[in-house]
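Notes follow once the structure below has been shown.
Computation of the quantities below employed the complete heavy-atom set of this structure, encompassing side-chain atoms and omitting hydrogens, waters and symmetry-equivalent molecules. The structure displayed is predicted, hence computed values, not measured ones. Below, chain A is the first sequence line, B the second, and so on; all start at residue 1.
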Amino acid sequence: MDLSLSTRTVGDRTVVEVGGEIDVYTAPKLREQLVELVNDGSYHLVVDMERVDFLDSTGLGVLVGGLKRVRAHEGSLRLVCNQERILKIFRITGLTKVFPIHTSVDEAVAATD
Amino acid sequence: MATVELRFSALPEHVRTARLVAAAVARRAGVDEAVLDEVRLAVGEACTRAVGLHRTNNITAPVRVALVEDEKKFSIEVGDEVPGSPAGAGAVPGVRGLDGEPLPGGPVSDNGDAAESDDEMGLAVISGLVDDVEVTSGETGGIIRMSWPTTPAPVLP
């Protein structure tokens, strides 16, 4: 299964809906998407991972890279994920402390620091 | 000989195939359904790492994956053909070279090298997921060995 990406704007947030498998082959597409959004001035991102079937360390690397980019513009990158098998990878790597992880897009969009 | 052996060109698009095959063979071998996600992720990480090592070292040889079904465990070996100590192998606690010496290249502070930090993250995920894991490196290349317990298959009528 390939990676699917779609973006929409909600207020001052940009929601990136990701579906499929994020691995060494597909992660570059997600990286390009995040880089493009930041280059276009979207600094508050919400990455919706509810339809992600697989995520590996390459995908984590891309998300961390995205976070670095938005932070350079005092922006934010929030994740939406309820899937235990995906959340487990964030826990193993300690990244639950790095990313705000929300249970719904609404919650992530409404969140402020 | 391995139950199933897989060799693939060191290309990112083939890593998914390795994951699918490994999960299918693991399921057949009697690895618990709840653990199959871990098998899939761990073998994917090991293959991703091997593909990266082959590509950065311009090695045209394929990456090798051996899936071995034993009586009580299911083992996966992912071998690369990059000689010497794989970068970052020392980051996994207890990892030794074949000569028993600790490997150089332990956790590296942020050096801005994306490939290397990805490699370390992959090993970190593997060591977090798999209880029985061994990373070795020799003159002919490195091997990541992982194993999971199996439950005996039910007797079919």
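Tracing side-chain contacts under 4.5 Å through hydrophobic residues (I, L, V, M, F, W, Y), one never reaches A/Val10 starting from A/Val70; they form parts of separate clusters. Linking Ile, Leu, Val, Met, Phe, Trp and Tyr whenever their side-chain heavy atoms come within less than 4.5 Å puts A/Phe90 and A/Leu34 in one cluster. B/Ile143 and B/Leu129 are not part of a single hydrophobic cluster, where members link through side-chain heavy atoms under 4.5 Å apart. Linking Ile, Leu, Val, Met, Phe, Trp and Tyr whenever their side-chain heavy atoms come within less than 4.5 Å puts A/Ile22 and A/Ile101 in one cluster. No path of Ile, Leu, Val, Met, Phe, Trp and Tyr side chains, each step under 4.5 Å between heavy atoms, connects A/Val105 with A/Val47, placing them in separate hydrophobic clusters.
B/Lys73 NZ: 12 or fewer foreign heavy atoms inside a 6.0 Å radius. Open room surrounds CD on A/Glu74; 12 or fewer heavy atoms of other groups in view lie less than 6.0 Å from it.
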Would A/Phe54 and B/Leu41 satisfy side chain to side chain contact (heavy atoms under 4.5 Å, CB included), going step by step from the backbone distance to the final call? CA-CA 8 Å; A/Phe54 181 86; B/Leu41 182 56; 3.8 Å; yes
Yes or no on side chain to side chain contact (heavy atoms under 4.5 Å, CB included) for A/Val24 and B/Val51, after CA distance, side-chain angles and deciding distance? CA-CA 9 Å; A/Val24 63; B/Val51 166; 5.6 Å; no
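Using a 4.5 Å cut-off between heavy atoms, B/Arg19 touches chain A through its side chain atoms alone. Only the backbone of A/Leu55 has a heavy atom closer than 4.5 Å to any heavy atom of chain B.
The residues A/Lys88 and B/Glu38 are annotated as salt-bridged, a charged nitrogen and a carboxylate oxygen being separated by less than 4.0 angstrom.
Within the 4.5 Å cutoff, no side-chain heavy atoms of B/Thr48 are placed close to those of A/Asp23.
Rounded to the nearest 0.5 angstrom, A/Asp56 CG and B/Arg49 CZ are separated by 14.0 Å. Taking CZ of B/Arg40 as the reference point, atom CD of A/Glu21 lies at 8.5 Å (rounded to 0.5 Å).
The shortest non-hydrogen separation linking A/Ser57 to B/Met121 is CB-CG, 3.5 Å.
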